[in-house]
Trainee: 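After the structure tokens below, expect a handful of questions from me.
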Amino acid sequence: MEKKIVYSAVQPTGNLTIGNYVGAIRNWVTMQNEYDCFFAIADMHAITVRQEPAELRRRTLELAALYLACGIDPAACALYVQSHVSAHAELAWVLNTLTYVGEAARMTQFKDKSAKHADNINMGLMDYPVLMAADILLYQAEYVPVGADQKQHVELSRDLAIRFNHRYGETFKVPEPLIMKGGAKIASLQEPTKKMSKSDENPNASVYLSDDRDTVIRKFKRAVTDSDNCVRALPDKPGITNLLNIYCAFSGSSLEEAEKAFEGKGYGEFKLAVGEVVADKLAPVQAEQKRLLAEKQFLSETLSSGAERAFRAARKTLSKVYRKVGFYRGE
Ligand code: ATP
Ligand code: LTN
């Protein structure tokens, strides 16, 4: 039986946080043998906000090394850079003609990013979800493992697939978002009602995958909580609930086990335990990423074979789309 297809990507912008790891990359590793997986580095999405070119290039390679260090196996899946496969931009153009300006303008991320980058509300920012739909639909993906913040974008991809299929005949698989329980939304350590984000200006709000042990422990120590000193996940305790979520995601304990383990203990002890469990997990990933970054040739070969594999799959869908919409393809 053919394996079902899984697609996901992360943008090579900023330093990745433990939110990106728990909400996205970690789940990919568990799926890579069971599904036919395509994992991309979304550099075309990255330029919807201003990037320094040399930095974008460097971060692209760092992200590739990070994927591998987290356990992505390039033999099991296609690991590649989005801009290496031009079909993404080509399909995005066709999908643009099926997307209403109103629905693109309603996207939460577009509104948030427009507010944050008021001096650069460019067409690409608005078109971001359409390019993302092109990513997913090109590969006929069945599942899209992402954090909760991307659900709305995957839903737009579904709408566009259905709309295209309805207008031109069955062409695209209608994808489903796959949002894992527990780590789907890691919150900011400074404002626990907001998501932890790699572009947050306050470095204490996010724990980066590149943070050393002391930094990780210090950030958790400073995390904003309430003051009742009771380690329970409750709706009126967003800070402690977030720390418990992080603790569970990194230690493998259930929420009940964690609450029980810290019953009667103070926040100081609990925060230290969270910091330690996170730092213990990050250390080997950091060492492996560093080792891989020294192997430039290997990284570059891995990305080109990933792109070839992606290109073959993407080309099939794109030819079909071009035929269906009526582009002349010769006699
Ligand atoms: P930016 O701040 O630049 O928008 P980001 O931190 O939101 O970046 P993305 O590149 O947009 O990161 O996201 C990569 C993946 O990580 C997506 O699947 C996204 O849903 C997931 N993700 C991002 N932040 C979190 C979070 N705080 N908790 C869980 N998952 C997250
Ligand atoms: N927009 C996503 C990154 C991304 C993506 C995708 C995720 C780009 N293309 C396709 C899933 C499927 C984000 O996490 N910010």
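Just follow the structure's listing: the first ligand is 1, and inside any ligand the first atom is 1. Computed from a predicted structure; not experimentally measured.
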Trainee: Would you check if the distance from the ring center of His88 to the ring center of Tyr139 is below 6.0 Å?
Mentor: yes
Trainee: Heavy atoms only, cut-off 4.0 Å: how does Ser199 contact ligand 1, side chain, backbone, both, or neither?
Mentor: both
Trainee: Counting heavy atoms only, which of Met132, Met44, His45 is nearest atom 6 (C) of ligand 2?
Mentor: Met132
Trainee: Just by modelled atom types, is the Tyr21 backbone N or O under 3.5 Å from a matching donor or acceptor in the Arg26 side chain?
Mentor: no
Trainee: Can you tell me the protein heavy atom closest to atom 3 (C) of ligand 2 and the distance?
Mentor: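 Looking only at protein heavy atoms, the one closest to atom 3 (C) of ligand 2 is Ala9 O, 3.4 Å.
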Trainee: Side chain, backbone, both or neither: which part of Ile136 comes within less than 4.0 Å of ligand 2 when only heavy atoms are counted?
Mentor: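 It is the side chain that gets close, since no backbone atom is under 4.0 Å.
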Trainee: Nearest protein heavy-atom contact for atom 9 (N) of ligand 2: which residue, which atom, what distance?
Mentor: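 Heavy-atom neighbour on the protein nearest atom 9 (N) of ligand 2: Asp135 OD2, 2.6 Å.
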Trainee: Backbone, side chain, both or neither: what part of Gln11 comes under 4.0 angstrom of ligand 1, heavy atoms only?
Mentor: both
Trainee: For ligand 2, which part of Val146 has a heavy atom less than 4.0 Å away: the side chain, the backbone, both, or neither?
Mentor: side chain
Trainee: Is the shortest N/O to N/O distance between Tyr128 and ligand 1 below 3.5 Å?
Mentor: no
Trainee: Should the proximity of Val144 to ligand 2, defined as any heavy atom under 4.0 Å, be assigned to the side chain, the backbone, both, or neither?
Mentor: side chain
Trainee: In this structure, does ligand 1 have an atom that sits under 4.0 Å from one of the heavy atoms of Thr13?
Mentor: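 Distance cut 4.0 Å: Thr13 passes for ligand 1.
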Trainee: Please determine whether any non-hydrogen atom of Thr17 lies less than 4.0 Å from an atom of ligand 1.
Mentor: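 Distance cut 4.0 Å: Thr17 fails for ligand 1.
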Trainee: Can you tell me if Gln109 contacts ligand 1 (heavy atom of the residue under 4.0 Å from the ligand)?
Mentor: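 Checking ligand 1 against Gln109, which is what was asked, there is no heavy-atom contact under 4.0 Å.
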Trainee: About how many Å separate CG of Asp43 and OG1 of Thr13, when rounded to the nearest 0.5 Å?
Mentor: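 The distance works out to 11.0 Å.
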Trainee: Heavy-atom pairs closer than 4.0 Å: do any link ligand 2 to the side chain of His153, the backbone, both, or neither?
Mentor: neither
Trainee: Is the closest side-chain donor-acceptor distance between Asp212 and Thr215 under 3.5 Å?
Mentor: yes
Trainee: Could you tell me whether Lys324 atom NZ has more than 12 heavy atoms of other residues or ligands within 6.0 Å of it?
Mentor: yes
